[in-house]
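All values derive from a computational prediction rather than experimental measurement. Basis for what follows: all heavy atoms, side chains included, without hydrogens, waters or symmetry-related copies.
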Amino acid sequence: MSEPQTASNGPFVGKELSTHSFGVDDALVDDYYDGLDLPRSAGGPLPSTLGSEPDGNFFSEIAFPNHTGHLWMRQGWSISAPLVLGTQYSVGGSIREIYPKRNRNVVLYEVTLTDPNGKVVLTTAHHQSFLSDQTYSGSVELRDPSTKPGARIFEVPEGEAFGGLERTISLEMCGQYFHGNASYHTDKAASEELGFRDVVVGGRMTMAYAAHILEERFGDAWFAGGRFDLKFTNPTWAGDTVVARGVVTGPDEEEPDRLGGFVWLAKPDDTVVLIARASVPA
């Protein structure tokens with residue numbers, strides 16, 4: 001584990017993040033659906049990954065000073081109840097671990113969303129990676145997807161197939177999803193400043209497609225107690241096409257009272273963008 005920073009605004013293990021509120025309103029929901037090019041459901045639960053918004057807002061509190069080449073690496077989610085339109089949630093969190101991964105240091109921080117009655121409705125575990133060389137300022141060298149184990153064609157687990165959602169993620173969709181804010185997820189110049197060759201589609205967007213097919217397949221069980229452990233295996237660039245697919249794998253080996261699933265997103269050239277193991281109460 002890397003040594004914790006002593007600066008009050010830098011990341012260190014045990015750091016308590018600020019507490020703030022997160023409101024779920026129509027503008028947020030509209031940007032979600034329009035940015036992902038998904039039809040807005042009528043009368044059903046709100047998308048579960050709307051809750052990724054406050055998670056991302058902690059970046060300034062968990063980041064190392066040099067942001068060149070920083071990337072999402074992994075997300076763990078545990079859902080206890082669906083989000084409700086018009087509700088103000090309390091959000092808090094803390095840094096749980098800082099660990100090395102190849103040429104990067106990864107900050108693992110946990111975030112909780114609590115409703116006005118004090119019930120925790122969502123817990124996330126976010127692994128955000130930063131270059132270990134904090135003086136580096138050039139173009140970021142990313143590994144060839146064909147050399148990465150998580151990006152190779154893998155054996156799909158046996159079970160009932162679901163999903164098949166396909167979308168081409170345009171720059172305009174990125175701008176809509178992130179509310180028109182300029183960043184390396186919406187603006188090429190901002191992305192190049194961080195060493196990337198093009199606009200990096202936000203991990204929140206590709207994660208949302210994975211969650212969308214889980215919501216469709218598992219319905220109320222997902223919103224009442226869904227979990228996933230999701231790993232990002234390759235960047236998605238503005239203009240890329242991705243397809244979200246899944247398989248119901250049956251009773252979970254470690255928790256037989258839960259039903260397991262496996263989902264992944266891939267590009268047309270078979271480059272895998274993310275993989276996730278998921279489960280719901282059986």
Under a 3.5 Å distance rule, please check whether [X] uses its side chain to pair with a backbone N or O of [Y] as donor and acceptor.
| X | Y | answer |
| --- | --- | --- |
| Tyr89 | Val84 | yes |
| Glu61 | Ser18 | yes |
| Ser21 | Gln88 | no |
| Asn117 | Lys119 | no |
| Ser132 | Asn103 | yes |
| Glu215 | Pro47 | no |
| Lys15 | Gly10 | yes |
| Tyr109 | Asp55 | yes |
| Ser279 | Arg227 | no |

Search all heavy atoms of [X] against all heavy atoms of [Y] and return the closest pair with its distance.
| X | Y | result |
| --- | --- | --- |
| Leu36 | Ala208 | CD1-CB, 3.6 Å |
| Pro11 | Ile62 | CB-O, 3.3 Å |
| Ala211 | Thr49 | CB-CG2, 3.5 Å |
| Gly51 | Trp77 | C-CH2, 3.8 Å |
| Asn181 | Thr186 | O-OG1, 2.8 Å |
| Tyr184 | Ser191 | CB-CA, 3.6 Å |

Are [X] and [Y] packed together at the side-chain level, in the sense that at least one heavy-atom pair is separated by less than 4.5 angstrom?
| X | Y | value |
| --- | --- | --- |
| Pro82 | Leu46 | no |
| Val263 | Phe228 | no |
| His179 | Leu28 | yes |
| Arg40 | Tyr32 | no |
| Trp72 | Gln128 | yes |
| Val201 | Val273 | no |
| Ile98 | Val13 | yes |

query: Is it the case that His185 and Tyr177 place a side-chain donor and acceptor less than 3.5 Å from each other?
result: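 Result is no, nothing qualifies.
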- request: Compute whether any side-chain donor of one residue and acceptor of the other, for Asn234 and Thr271, lie under 3.5 angstrom apart.
  value: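 Short answer, no.
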message: Counting only heavy atoms from other residues, nucleotides and ligands, does the tally under 6.0 Å from CG of Asp220 exceed 12?
response: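 Not buried by this count: 12 neighbours or fewer within 6.0 Å.
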task: Please check if atom CZ in Arg104 has more than 12 non-hydrogen atoms from other residues, nucleotides or ligands closer than 6.0 Å.
output: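 Enclosed: over 12 neighbouring heavy atoms sit under 6.0 Å from CZ of Arg104.
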Residues 239-252, side-chain donor-acceptor partners within the protein, below 3.5 Å, at least two apart:
{"unit_1": "Asp240", "atom_1": "OD2", "unit_2": "Trp237", "atom_2": "N", "d": "2.9"}
{"unit_1": "Asp240", "atom_1": "OD2", "unit_2": "Lys267", "atom_2": "NZ", "d": "2.8"}
{"unit_1": "Thr241", "atom_1": "OG1", "unit_2": "Thr168", "atom_2": "OG1", "d": "2.6"}
{"unit_1": "Thr249", "atom_1": "OG1", "unit_2": "Gly260", "atom_2": "O", "d": "3.1"}
{"unit_1": "Thr249", "atom_1": "OG1", "unit_2": "Gly261", "atom_2": "N", "d": "3.4"}
{"unit_1": "Asp252", "atom_1": "OD1", "unit_2": "Glu254", "atom_2": "N", "d": "2.9"}
{"unit_1": "Asp252", "atom_1": "OD1", "unit_2": "Glu255", "atom_2": "N", "d": "2.9"}

task: Could you walk me through whether His70 and Phe64 pass the ring pair (Phe, Tyr, Trp, His ring centres under 6.0 Å) test, one step at a time?
output: CA-CA 9 Å; His70 74 86; Phe64 283 99; over 10 Å; no
- prompt: Passes side chain to side chain contact (heavy atoms under 4.5 Å, CB included), Asn57 versus Phe22? Steps please.
  reply: CA-CA 10 Å; Asn57 290 340; Phe22 166 61; 5.8 Å; no
query: Which residues pass the ring-ring contact (aromatic ring centres under 6.0 Å, His included) test with His20, sequence neighbours left out?
result: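 Per chain and number, His20 pairs via ring-ring contact (aromatic ring centres under 6.0 Å, His included) with Phe58.
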Starting from [Y], can I reach [X] by hopping between I/L/V/M/F/W/Y residues whose side chains sit under 4.5 Å apart?
| X | Y | value |
| --- | --- | --- |
| Val24 | Val91 | yes |
| Met73 | Tyr136 | no |
| Ile79 | Tyr209 | yes |
| Val156 | Ile275 | yes |

[atom1]-[atom2] distance between [X] and [Y], expressed to the nearest 0.5 angstrom:
| X | Y | atom1 | atom2 | answer |
| --- | --- | --- | --- | --- |
| Leu230 | Gln75 | CG | CD | 7.5 Å |
| Glu16 | Ile95 | CD | CD1 | 9.5 Å |
| Leu122 | Thr112 | CG | OG1 | 8.5 Å |
| Leu71 | Phe232 | CG | CZ | 10.0 Å |
| Arg197 | Lys188 | CZ | NZ | 9.0 Å |
| Met173 | Leu38 | CE | CG | 7.5 Å |

task: For the pair Ser129 and Lys101, evaluate side chain to side chain contact (heavy atoms under 4.5 Å, CB included) and give the outcome as yes or no after the intermediate values.
output: CA-CA 8 Å; Ser129 71; Lys101 182 78 170 179; over 6 Å; no
Aromatic centroids of Phe59 and His67 separated by under 6.0 Å: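 Yes, close enough.
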field: Residue pair Asn66, Thr68: steps toward the side-chain hydrogen bond (donor to acceptor under 3.5 Å, both in side chains) verdict
entry: CA-CA 6 Å; Asn66 182 11; Thr68 299; 3.0 Å; yes
Side chain to side chain donor-acceptor pair (under 3.5 Å) involving Ser41 - partner list, sequence neighbours excluded: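 Side chain to side chain donor-acceptor pair (under 3.5 Å) check on Ser41 returns Tyr33.
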- request: In sequence, state the C-alpha distance, the side-chain angles, and the governing distance for Arg204 and Phe178, and then conclude on side chain to side chain contact (heavy atoms under 4.5 Å, CB included).
  value: CA-CA 10 Å; Arg204 286 169 50 195; Phe178 288 99; 3.5 Å; yes
- request: Could you check Phe223 against Leu83 for side chain to side chain contact (heavy atoms under 4.5 Å, CB included), going step by step and ending with a plain yes or no?
  value: CA-CA 9 Å; Phe223 294 99; Leu83 298 173; over 6 Å; no
